[in-house]
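Notes to accompany the following structure.
Treat the numbers as computed from the prediction; the structure is a model and nothing was measured. A, B, ... follow the sequence lines: proteins, then strands. Residue 1 opens every chain.
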Amino acid sequence: MEERYDPKVIEPKWQRIWDKKGLFRVTEDPKKEKYYILEMFPYPSGKIHMGHVRNYTIGDVVARYKRMHGFNVLHPMGWDAFGMPAENAAIANNTHPARWTYENIDYMRGQLKRMGFSYDWDREIATCRPEYYRWEQWLFLKMLEKDMVYRKESFVNWCDDCQTVLANEQVEAGACWRCGKIVRQKKLWQWFFRITDYAEDLLVHCDALPGWPEKVTTMQKNWIGKSFGAEIRFAVANSSQSISVFTTRPDTLFGATFMCLAPEHPLVVELSRNTGEQAAVDEFVERIALQDRSARTLENYEKEGVFIGAWCINPVTGYQMPIFAANFALMEYGTGAVMSVPAHDQRDFEFAKKYGLYIIPVVKPLDSDLDARTMTEAYEGQGEMIHSGPFDGLDNEAAKDAIVAHLAKKELGRKTVSFRLRDWGISRQRYWGAPIPVVHCDRCGVVPVLESQLPIVLPEDADLLEGGRSPLPGLDEFKKTECPECGAQDAHRETDTMDTFVESSWYFERYCSPRFDQGMLDRSAVSYWMPVDQYIGGVEHAILHLLYSRYFTRVLRDFGLVEFKEPFTRLLTQGMVCKETLSCPNHGFIFPDDVIEGAVPKCAKCGLPVAVGRVEKMSKSKRNVIDPNSLLDRYGADTTRLFCLFAAPPERDLEWSEQGVDGSFRFLNRIWRRASAWMDRITRTSAYQGSPNDLEGPVRELFKKTHQTVQKVTFDIEDRFHFNTAISAIMELVNSLYSVDENEDSAHASEVVRFAVESIVLLLAPIVPHFSDELWHALGYDASVLETPWPEFDPACLARDELTVVVQVNGKLRSRFDIHADADDEVIKKRALSDERVAKFIEGKMVRKIIVVKKKLVNIVV
RNA sequence: GCCUGGGUGGCGGAACUGGUAGACGCAAGGGACUUAAAAUCCCUCGGUACUUAGUGCUGUACGGGUUCGAUUCCCGUCCCAGGCACCA
């Protein structure tokens with residue numbers, strides 16, 4: 001064994017050996033229990049960042065741990081390779097998206113290999129390859145057949161910078177999720193997946209995902225946004241028309257005094273014709289339509305509306321309700337119409353005050369009265385019905401059902417539910433994505449491509465255009481085609497491509513049979529490996545990716561391709577990697593490498609003192625980043641992995657600390673040194689297997705501590721993924737190893753030390769695999785630690801000889817004593833009462849009660 | 001505004017179903033080794049008071065409560081992070 005721990009030598013060496021042995025290659029084996037561990041695949045942006053390092057380290061520990069437990073572990077990796085950054089980078093660097101993407105993939109694959117991750121690289125996927133997306137196109141055709149995809153012209157979220165449409169899920173506070181540009185509304189023909197057909201099922205099964213963080217399922221539930229209420233029909237005065245509204249408060253129907261329609265609502269234009277209000281209405285509708293969606297979501301957004309010159313009739317009061325077009329009414333939610341009850345809805349209240357509309361309170365709080373003239377805000381709480389004819393006196397919750405039942409009899413209303421979730425718009429006016437496999441024909445309309453013509457290959461040699469516009473519409477050899485139905489020569493292909501979230505909605509299923517060319521998925525492989533037992537990734541995908549994946553899996557199930565609904569049994573959302581920001585008065589945020597260390601850190605460029613800012617998520621813009629490469633060069637993969645796991649539990653944010661990394665490196669060296677010191681002696685013996693009773697002193701303690709540590713580490717990793725406490729426990733064990741004198745020469749010392757060292761190596765194997773294999777080899781083993789079973793502990797060896805019992809008087813700690821572990825409660829109690837330090841506190845007082853907690857604590861109440 | 005988390009030493013973080021608060025590491029201080037330094041090994045390390053090798057008081061954001069006993073359970077308040085936000 002080398003004197004010095006040198007990761008630069010041992011890491012490449014073991015990576016070569018693993019590779020040569022094909023240690024990570026797996027196939028279906030019905031005799032073995034499977035375990036599918038998956039980390040979210042990366043976008044090949046150029047190089048990996050610390051977020052990837054952390055995410056993939058966590059996954060790799062689990063993969064190796066499960067492997068040592070005898071599971072047949074599937075642990076794949078691939079690339080979410082379509083997407084806009086490739087186009088932007090290609091334009092900026094005068095290269096091509098495909099070339100840029102493939103080069104990035106090659107580089108990043110190399111980085112991941114340097115980290116020593118145990119991926120089965122034979123299963124690698126890049127979603128931009130036709131062999132992958134052809135099956136996505138195939139599924140699209142199947143979905144089209146079943147009317148699960150449709151095309152409609154609608155207002156869409158449009159980002160001018162990205163020159164494309166964004167799904168609702170991709171708009172954050174009115175801005176593009178990718179570039180931050182304010183999103184505006186644009187009317188376009190778009191393809192949609194009918195995800196809303198699955199809203200109920202997706203919602204209900206949120207509660208059937210006990211292995212998911214509650215935070216994520218709650219976010220999904222809120223996103224789906226089911227609300228219970230009623231649909232009520234209002235007749236329009238002097239017309240055969242009627243307006244349907246959705247309301248969650250049918251109990252307030254008697255207080256509905258006006259009606260608000262979304263500006264895009266078809267009846268707005270229709271009813272305002274020839275009323276004298278037409279001009280004002282048209283002006284208003286046009287103005288709102290052009291307005292940014294972002295302005296609509298601003299907090300102080302002014303509620304405004306315009307009377308459209310028509311009235312509708314309240315079905316229970318007969319009241320003539322003026323109809324308004326209002327900017328806050330959304331066409332996409334419910335029916336696009338709101339029955340306004342100013343007394344019981346704050347927004348309606350403000351609107352009524354602004355336009356001088358009638359307010360009728362119909363639900364009164366139990367302990368006070370409501371008066372329309374003196375109300376200063378709407379009353380939205382529970383209460384007793386008033387001004388509601390036959391329903392007066394009822395509890396308002398009961399009145400909801402009663403009023404809907406009453407309306408139902410007259411066919412004017414019914415109980416219903418509404419969802420916030422909308423259909424998933426998947427069209428993107430971008431080049432670097434999977435082509436949508438349809439053809440537009442002047443005679444036949446929209447025609448699906450023939451299955452035999454798949455894949456519709458994205459031409460990889462297209463020249464990119466200025467401003468990020470897609471070259472496809474201008475690329476005749478792609479666009480021009482014949483109609484699959486009538487054979488017309490002047491048909492043209494759809495030039496929109498699919499949202500890249502489509503690719504990531506099924507890649508985990510494709511990993512089961514990544515080279516299968518007879519279909520999208522090889523059923524037998526999928527049914528062996530799926531579902532994913534443990535999925536790991538960032539919370540930022542809590543809604544988008546995870547909801548789409550759950551939806552897609554349901555679609556695949558409907559086509560008989562898979563047998564389950566939920567793709568991910570357990571989910572872990574790891575925290576962000578953070579670091580303090582550094583800034584210089586002249587240069588703004590600066591990189592850690594541009595700082596001259598010292599009592600007062602200074603900027604390398606101008607020498608001014610550097611201000612240390614708050615700890616924030618590592619990002620290029622804040623320049624508080626650490627390049628994984630520099631860590632690998634300096635400390636190696638094992639130290640990097642160790643620190644990522646030790647500094648914080650996985651679900652929490654991790655604060656990067658240079659000194660912390662150094663500490664992790666020192667820890668490995670500390671093990672290395674002690675192992676070296678004993679190596680000659682312990683290679684000549686074997687691990688101690690006797691009873692602790694034949695041992696004494698630090699050797700005996702070390703033996704027991706080893707068993708205790710195996711138990712603790714197993715528990716921490718298996719049940720909780722708390723690698724930080726598992727590592728702490730191993731550190732304690734190493735400290736115990738140090739308390740055995742290096743020159744100790746007793747009969748069993750070498751055997752026990754060997755046992756301890758072997759255990760340390762095995763327990764560390766998933767965490768620092770190269771280091772562990774090197775030591776394992778030094779101990780004389782030929783197999784990799786990964787091929788060695790996880791150590792077991794013997795409960796008989798765990799028991800401590802002496803226990804410390806603490807004594808409290810009135811709940812305050814007063815004394816403690818050690819006592820033999822098998823002493824019973826009576827003995828412990830007697831010993832506590834006779835304790836001299838305790839005596840001080842109970843002297844002259846009456847002992848009222850004594851509580852004995854088994855082998856731990858005595859509390860004397862006086 | 002609503003929904004999730006979270007607030008523990010100088011710092012990152014421990015404490016399983018209420019039972020020794022601060023494991024483990026970092027930083028700091030002291031000692032050993034050394035001509036010296038680095039590295040390494042050992043020790044100390046929440047605050048505070050005193051009669052200072054000891055003992056007491058206090059301490060897990062803040063204020064209450066339940067309990068023999070609360071970082072842990074309950075009620076209220078404040079702060080921080082994330083998500084949603086005119087959703088009828």
Once you apply a heavy-atom cut-off of 4.0 Å, does [X] come out as touching a base, just sugar-phosphate, or nothing?
{"X": "A:Arg814", "value": "sugar-phosphate"}
{"X": "A:Ser657", "value": "nothing"}
{"X": "A:Arg848", "value": "nothing"}
{"X": "A:Phe646", "value": "base"}
{"X": "A:Lys812", "value": "sugar-phosphate"}
{"X": "A:Pro213", "value": "nothing"}
{"X": "A:Ser227", "value": "sugar-phosphate"}
{"X": "A:Val861", "value": "sugar-phosphate"}
{"X": "A:Asp348", "value": "nothing"}
{"X": "A:Lys215", "value": "sugar-phosphate"}
{"X": "A:Asn724", "value": "sugar-phosphate"}
{"X": "A:Glu732", "value": "sugar-phosphate"}

Does [N] have its OP1 or OP2 closer than 4.0 Å to a side-chain nitrogen or oxygen of [X]?
{"X": "A:Arg4", "N": "B:U40", "answer": "no"}
{"X": "A:Arg673", "N": "B:C41", "answer": "yes"}
{"X": "A:Arg652", "N": "B:G5", "answer": "no"}
{"X": "A:Lys856", "N": "B:G19", "answer": "no"}
{"X": "A:Arg347", "N": "B:A85", "answer": "no"}

So what's [N] paired with, Watson-Crick or G-U wobble, going by both distances under 3.5 Å?
{"N": "B:A28", "answer": "B:U44"}
{"N": "B:U17", "answer": "none"}
{"N": "B:G54", "answer": "B:C50"}
{"N": "B:G1", "answer": "B:C84"}
{"N": "B:A39", "answer": "none"}
{"N": "B:U66", "answer": "none"}
{"N": "B:C78", "answer": "B:G7"}

Provide the distance between the two [atom1] atoms, one in [N] and one in [M], to the nearest whole Å.
{"N": "B:G76", "M": "B:G22", "atom1": "C1'", "value": "28 Å"}
{"N": "B:C2", "M": "B:U58", "atom1": "P", "value": "38 Å"}
{"N": "B:C57", "M": "B:C42", "atom1": "C1'", "value": "32 Å"}
{"N": "B:C3", "M": "B:C68", "atom1": "C1'", "value": "38 Å"}
{"N": "B:C74", "M": "B:A81", "atom1": "P", "value": "25 Å"}
{"N": "B:G46", "M": "B:C11", "atom1": "P", "value": "13 Å"}
{"N": "B:C87", "M": "B:C79", "atom1": "C1'", "value": "30 Å"}
{"N": "B:C45", "M": "B:G25", "atom1": "P", "value": "14 Å"}

Between [options], which one does the side chain of [X] approach most closely?
{"X": "A:Ala329", "options": "B:C26, B:A88, B:U20", "result": "B:A88"}
{"X": "A:Thr248", "options": "B:A88, B:G19, B:C3", "result": "B:A88"}
{"X": "A:Tyr333", "options": "B:A85, B:C68, B:A88", "result": "B:A88"}
{"X": "A:Asn222", "options": "B:A88, B:C41, B:C3", "result": "B:C3"}
{"X": "A:Val338", "options": "B:G5, B:U20, B:A88", "result": "B:A88"}
{"X": "A:Met731", "options": "B:G12, B:G25, B:C87", "result": "B:G25"}

Using 4.0 Å as the upper bound for N to carboxylate O, is an ion pair formed by [Y] and [X]?
{"X": "A:Lys353", "Y": "A:Glu377", "answer": "no"}
{"X": "A:Lys617", "Y": "A:Asp653", "answer": "no"}
{"X": "A:Arg674", "Y": "A:Glu742", "answer": "yes"}
{"X": "A:Glu655", "Y": "A:Lys579", "answer": "no"}

Please confirm whether any donor atom in the side chain of A:Arg670 sits under 3.5 Å from an acceptor in the base of B:C41, or the reverse.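 Result: no qualifying N/O pair found.
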Taking the six-membered ring for Trp, are A:Phe721 and A:Phe723 parallel (under 30°), tilted (30 to 60°) or perpendicular (over 60°)? parallel
Quick one: on RNA chain B, does A:Asp662 or A:Phe246 contact a more 5' nucleotide (nearest heavy atom)? A:Asp662
On RNA chain B, does the nearest nucleotide to A:Phe419 precede the nearest nucleotide to A:Arg816 from the 5' side, or the other way round? Give the residue. A:Arg816
[X] has an atom [atom1]; how far is it from atom [atom2] of [N], in whole Å?
{"X": "A:Arg666", "N": "B:C24", "atom1": "CZ", "atom2": "P", "result": "16 Å"}
{"X": "A:Leu813", "N": "B:U58", "atom1": "CG", "atom2": "C1'", "result": "14 Å"}
{"X": "A:Phe715", "N": "B:U17", "atom1": "CZ", "atom2": "P", "result": "8 Å"}
{"X": "A:Leu330", "N": "B:C87", "atom1": "CG", "atom2": "P", "result": "8 Å"}
{"X": "A:Asn735", "N": "B:A23", "atom1": "CG", "atom2": "P", "result": "12 Å"}
{"X": "A:Lys829", "N": "B:G19", "atom1": "NZ", "atom2": "P", "result": "22 Å"}
{"X": "A:Asp716", "N": "B:A23", "atom1": "CG", "atom2": "P", "result": "16 Å"}
{"X": "A:Asn810", "N": "B:A70", "atom1": "CG", "atom2": "P", "result": "11 Å"}

Correct closest heavy-atom pair for A:Phe258 and A:Met321 would be O-CE, 3.2 Å
Least distance between heavy atoms, A:Pro592 atom then A:Leu582 atom: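 Closest approach of A:Pro592 to A:Leu582, heavy atoms only: CA-CD1, 3.9 Å.
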Quick check on B:G9: syn or anti? Syn means the glycosidic torsion is within 90 degrees of zero.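 That one's syn.
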Answer yes or no: is there a side-chain heavy-atom contact under 4.5 Å between A:Glu231 and A:Thr247?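 Side chain of A:Glu231 against side chain of A:Thr247, heavy atoms only: no contact under 4.5 Å found.
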Using the ring centroid of each side chain, check whether A:Phe646 and A:Phe667 are separated by less than 6.0 Å. no
For residues A:Phe351 and A:Phe324, establish whether the separation of their ring centroids is below 6.0 Å. yes
